[in-house]
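Just below is one structure, and these are the notes that go with it.
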Amino acid sequence: MTGTTPGARPPGTTPAAATPAPATSPAAGGPIRLVLVDDHRMFRSGVRAELDEISGNRLDIVGEAGSVDQAVAVIREQRPDVVLLDVHLPGGNGRGGSDVITGCAGVTTQAGGPVRFLALSVSDAAEDVIAVIRAGARGYVTKTISGPELGGAIVRVADGDAVFSPRLAGFVLDAFGAAAGEIAEVDEELDRLSAREREVMRLIARGYQYKEVAKELFISVKTVETHVSSVLRKLQLSSRHELTAWAMGRRLL
């Protein structure tokens, strides 16, 4: 799939559908071929079970992956119609889902069309959404979405629509509706952090305790502590109180 040109409005933007429409793949009228990419196996299993229950024979999950490198390999091998893609993944160049999309540049479906990417993430932060859409994703929904809504979103993306959770659509369109050549200013300090560090940073800045962050992100408390230490070091801050003030000043909460 080709990347979205900075400064261009994503075409055909629609909110996620509540009920999946009858779906067929461009490949000879068959089901939509889908690859699931998320670094949590239990989450992938839950999504698979939910989609199997609500989709009938309309979706065919042909592969799974838990890292950037695995995802690129599976997508190149299976050539699916749609990739359901987490934005925070290990491996690659540290940019998660964006690395998967760029790593699959030029890959086509079995019918010869573009492989389309739908981001599915716990994060609703503007920088995560904009980054993966700029890389070439056709939509972005959060993990609060219901099974039927997710099924509908997959169908619409397979049909070529751009789909966003309602609360995300506004700032996505604002960002891509800028004048040609205008690129949103990137916070250099924020850009020092990896995708996972940004995710941990936002939760800590919102007042989450380490155990709560670990539960939310399905990681260990020790891993949370490591990420927090790294965030404070990279941002040259000395406490979580300073981190909260820093995040509030950049409207990241």
Side-chain angles (χ1 to χ4, degrees), residues 3-4 6 37-40 43 66-69 71 85-103 117-137 139-144 164-165 167-168 170-172 174-176 183-253:
T4 302
V37 180
D38 192 284
D39 58 342
H40 299 119
F43 179 78
S67 70
V68 170
D69 297 334
L85 180 67
D86 192 8
V87 300
H88 297 154
L89 296 165
N93 296 318
R95 298 190 179 276
S98 297
D99 282 341
V100 174
I101 297 173
T102 56
F117 295 83
L118 173 61
L120 174 65
S121 176
V122 69
S123 172
D124 60 1
E127 66 269 18
D128 287 338
V129 180
I130 299 304
V132 76
I133 297 301
R134 280 216 169 101
Y140 193 116
V141 294
T142 61
K143 290 182 177 179
T144 58
F164 300 93
S165 292
R167 71 179 304 272
L168 305 181
F171 65 74
V172 171
D174 287 344
F176 286 91
I183 301 175
E185 181 180 354
V186 177
D187 190 314
E188 293 183 1
E189 290 181 310
L190 185 64
D191 204 40
R192 298 172 190 168
L193 307 181
S194 69
R196 180 63 82 186
E197 288 171 344
R198 291 197 299 269
E199 193 171 32
V200 170
M201 175 273 294
R202 284 190 297 272
L203 293 177
I204 290 294
R206 290 171 182 168
Y208 283 57
Q209 300 301 312
Y210 285 3
K211 288 183 179 180
E212 294 172 323
V213 175
K215 183 178 180 180
E216 182 77 15
L217 302 181
F218 302 97
I219 57 179
S220 69
V221 173
K222 184 175 181 180
T223 299
V224 174
E225 293 173 347
T226 299
H227 284 314
V228 171
S229 296
S230 179
V231 167
L232 294 177
R233 183 182 69 254
K234 289 181 179 181
L235 299 180
Q236 299 181 356
L237 302 174
S238 60
S239 69
R240 62 184 299 164
H241 299 293
E242 289 187 4
L243 179 61
T244 298
W246 181 90
M248 289 180 64
R250 287 156 179 79
R251 300 181 180 180
L252 298 176
L253 301 183

- With distance as the sole criterion, is a donor-acceptor pair present between the side chains of Ser123 and Arg202 under 3.5 Å? yes
State, to 0.1 Å, how close [X] and [Y] come at their nearest heavy-atom pair, and which atoms those are.
| X | Y | value |
| --- | --- | --- |
| Arg240 | Gly207 | NH2-C, 3.8 Å |
| Asp99 | Asn93 | OD2-N, 2.6 Å |
| Gly96 | Val68 | O-CG2, 3.5 Å |
| Val132 | Ala119 | CG1-CB, 4.0 Å |

Does any part of the side chain of [Y], heavy atoms only, come nearer than 4.5 Å to the side chain of [X], both counted from C-beta?
| X | Y | value |
| --- | --- | --- |
| Leu118 | Tyr140 | no |
| Glu216 | Glu199 | no |
| Val228 | Tyr210 | yes |
| Leu235 | Leu193 | yes |
| Leu85 | Ile101 | yes |
| Asp38 | Phe218 | no |
| Trp246 | Leu237 | yes |
| Thr142 | Val122 | no |

- Pick out which of Asp128, Leu203, Val231 makes a side-chain contact (heavy atoms from CB on, under 4.5 Å) with Arg198.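 So the option named by the test is Asp128.
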- Item | Lys143 and Asp86: CA distance, side-chain angles, deciding distance, side chain to side chain contact (heavy atoms under 4.5 Å, CB included) verdict | CA-CA 10 Å; Lys143 290 182 177 179; Asp86 192 8; 4.0 Å; yes
- Query: Hey, are Arg192 and Glu197 close enough for a salt bridge, meaning a charged N less than 4.0 Å from a carboxylate O?
  - Reply: no
Roughly how far, to the nearest 0.5 Å, is [atom2] of [Y] from [atom1] of [X]?
| X | Y | atom1 | atom2 | answer |
| --- | --- | --- | --- | --- |
| Leu232 | Ser238 | CG | OG | 8.0 Å |
| Arg95 | Thr102 | CZ | OG1 | 10.0 Å |
| Ile204 | Met201 | CD1 | CE | 11.0 Å |

- Should the heavy atoms of other residues, nucleotides or ligands under 6.0 Å from OH of Tyr208 be counted, would the total exceed 12?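 No.
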- Task: Check the pair His227 / Ser230 against side chain to side chain contact (heavy atoms under 4.5 Å, CB included), numbers first and verdict last.
- Result: CA-CA 5 Å; His227 284 314; Ser230 179; 5.6 Å; no
- Residues Ile219, Val224; criterion side chain to side chain contact (heavy atoms under 4.5 Å, CB included); working and verdict: CA-CA 7 Å; Ile219 57 179; Val224 174; 3.7 Å; yes
- Which is it for Ser220 and Thr223 under the side chain to side chain contact (heavy atoms under 4.5 Å, CB included) test, yes or no, and what are the steps along the way? CA-CA 5 Å; Ser220 69; Thr223 299; 2.8 Å; yes
